[in-house]
Amino acid sequence: MQGKVIEVKDAWREGAHVDDSKYQEMYAASVADPNAFWAEHGKRIDWMTPFSTVKNTSFEPGKVSIKWFEDGKTNVAHNCIDRHLETRGDQTAIIWEGDNPDESKHITYRELHAQVCRMANVLRNRGVGKGDRVTLYMPMIPEAAYAMLACARLGAIHAIVFGGFSPDSLASRIQGCGSKLVITADEGLRGGRKVPLKANVDEAIKRLDADLVDHVIVVRRTGGSVAMEAGRDVYYDEAAEQVTDECPAVAVEAEHPLFILYTSGSTGQPKGVVHTTGGYLVYASMTHEYVFDYREGDVYWCTADVGWVTGHSYIVYGPLANGATTLMFEGIPTYPSTSRFWEVIDKHKVNIFYTAPTAIRSLMGGGEGPVKKTSRASLRVLGSVGEPINPEAWEWYYNVVGDKRCSIVDTWWQTETGGILITPLPGATALKPGSATRPFFGVTPEMVDAEGKVLEGACEGNLCIADSWPGQMRTVYGDHERFEQTYFSTYPGKYFTGDGARRDADGYYWITGRVDDVINVSGHRMGTAEVESSLVAHPKVAEAAVVGYPHNVKGQGIYAYVTLNDGEEGDDALRKELVTWVRKDIGPIASPDLIQFAPGLPKTRSGKIMRRILRKIAEDDFSSLGDTSTLAEPAVVDDLIENRQNRA
Ligand code: PRX
């Protein structure tokens, strides 16, 4: 089954960067001689000291090391701002669209330069320099981008924590990377509701060693009153008045870390993914240009939050490195109405729009009306990211949002990959709804079976990448062994993505989802182990097992099996209490959707929980549970089935 094919339209080819034969030619060159290919494309950014070596990478067990352009020096903020000043100083760099539709503003490259320099000086005055970590816990306001670029300007390393994470999650991330300075806002504003960011920072800091965080910089967003600790906390506007708007960009080595971003895995606590400077920026800017077929003058909008990697690579770094106009949206798709996305597209004449399948599915529920009352005539390319897009949502995006006129790019990638790895290119790739299609330049996907045997031709298996690309993560912050263990030990010599996929006879990839204990809820990555450890920390809970199950809007929902301590009664009140507990502990994105109280969990005789069975029951598909004879107590399965919570 190949699925439906939508051929490249003439309109997509017109003026596009590449057509199919150019893609084939460039792809072949990129994998035949990566050194030559990336030596050429490495020049798309400015280097303060040019590189003479290109690729120096090894996936060999015990010796994993990834270096690109390593003897070159550059600065990301210089590339995203200063180098554009002469030619496009008065062009809009950032369009900011507030939560309230009456609030928006345009920031030119020249203004961006002044703002970033000011922010950098405020940081520098507080002792921040090259290699220091700075935690950002920010709403979607321009100051979030200023802060990222200010860190980059100084060679400091930012670690953004998504504003939806709890004080506990924030605390462990501040601790994990040892930030002495935190940048936040008084409150965030989303869908008309306030988010107590500064109060959460205060709570987080209480949980940390008293001498860790020296400074908290507070951007005024709502003007709401917040506690300010003398000597530690300062309002950004007051600090900014004390400094100039000139600050030199520090030349750093290509392999100097640019940022740390915590992400969930199948085991343990989230790990700090480290991305570095040169290769990351080359890859983010190149993918932004080719994947979205970005053209001079385009208005580009990615709806992600800067708290996730998509916001790093495709709201800030990729687009600004390319001198683009990037739109930053503070709000949500349903406020004040479900037409908001489409109204913003008309208001700012957006040409390229990049969002997540979960948003598309939730808006699909409201029918075509809210879309069709807008024009969307400016749109040319529509992107999707974060989770598999089901063909129904794909078709709706294509037919209803894009009026069958726009090209769709279903982009597959990960926090670890830094940029897009598998994707169509608008003028080049025939589309198949539901398929991320073909690899980007320099990307070498390999399909393997459970034993690691490489599969050829059309097949289904686990997705690996055989060789390095410049945007790849370099290490887990402070734990290189965990990096090797997590990504290079399952199939030695290859980067294992954790995703399953199919490859069809045309060589197109169809990502089927995670094959490990990571779940993807509304495009947000969650480790089942994290939710489990939160649940078992509740005084009434003895044991918990968490799995994903198919959810119409979220892609996957969180299904928790909970065994209570002796004498505790499982009822709806306790369900609510547990949901509140997890929300408070990790954040709203980790809230279990369904909780089943279970007197026992299916375990092998050696005590290992059989998740395969739990997944099946959560999917309401228990006709083929497979072999249950190895269970210590086969009877627990009958109880689980009888009391299942998802009756699809
Ligand atoms: O399972 C894949 C899914 O999201 C995972 C990566 O999540 P994260 O690191 O949070 O990054 C999300 C944004 C890049 C992947 O392992 N995923 C991402 N994009 C797609 C996808 N699954 C299918 N199709 C996609 N286009």
Side-chain angles (χ1 to χ4, degrees), residues 160 162 164-165 259-266 270-275 280 283-284 287-288 291-292 302-315 317-318 354-361 382-391 393-394 397 408-424 429 431-440 443 445 462-465 471-473 476 486-487 490 495-503 508-528 530 548 554-556 589-590:
I160 308 188
F162 174 59
F165 277 119
F259 66 84
I260 299 168
L261 189 56
Y262 283 85
T263 195
S264 297
S266 47
K271 44 187 173 300
V273 166
V274 176
H275 281 289
Y280 170 80
Y283 199 77
T287 46
H288 172 258
V291 173
F292 301 105
C302 164
T303 68
D305 189 284
V306 291
W308 309 111
V309 73
T310 309
H312 287 62
S313 301
Y314 299 114
I315 294 177
Y317 293 122
Y354 190 28
T355 196
T358 187
I360 299 166
R361 285 191 299 264
L382 298 172
S384 168
V385 62
E387 50 179 318
I389 177 164
N390 46 311
W394 196 103
Y397 203 24
I408 304 255
V409 288
D410 171 7
T411 66
W412 174 85
W413 59 296
Q414 311 177 295
T415 306
E416 294 87 338
T417 69
I420 295 163
L421 295 197
I422 301 184
T423 179
T429 316
L431 305 174
K432 297 186 189 181
S435 170
T437 79
R438 307 187 294 197
F440 190 73
V443 175
N462 294 334
L463 179 64
C464 294
I465 312 290
Q472 185 172 21
M473 77 182 278
V476 169
T486 309
Y487 303 104
T490 319
Y495 168 80
F496 176 42
T497 64
D499 279 324
R502 271 192 310 122
R503 184 170 56 208
Y508 275 38
Y509 291 86
W510 302 70
I511 311 296
T512 48
R514 302 290 304 199
V515 295
D516 53 10
D517 291 320
V518 170
I519 48 185
N520 194 324
V521 186
S522 301
H524 297 150
R525 222 165 121 165
M526 231 24 266
T528 52
E530 285 170 74
K554 298 178 178 186
Q556 279 189 301
I589 60 172

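Just follow the structure's listing: the first ligand is 1, and inside any ligand the first atom is 1. Residue numbers run from 1 in the order of the sequence given.
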Within-4.5 Å side-chain heavy-atom neighbours: W510 and K432: yes
Test of ring centre spacing under 6.0 Å for Y280 and F259: yes
Check: Y397 side chain, G383 main-chain N or O, donor-acceptor pair, under 3.5 Å: yes
Any donor-acceptor N/O pair, Q556 side chain to N520 backbone, under 3.5 Å: yes
Residue list, side-chain hydrogen bond (donor to acceptor under 3.5 Å, both in side chains) with W412, at least two apart or on another chain: D499
Residue pair Y314, W413: steps toward the ring-ring contact (aromatic ring centres under 6.0 Å, His included) verdict: CA-CA 12 Å; Y314 299 114; W413 59 296; 5.1 Å; yes
For ligand 1, the residues whose heavy atoms come within less than 4.0 Å (ordered by chain, then number): T310, V385, G386, E387, P388, D410, T411, W412, W413, Q414, T415, D499, I511, R514, N520, R525
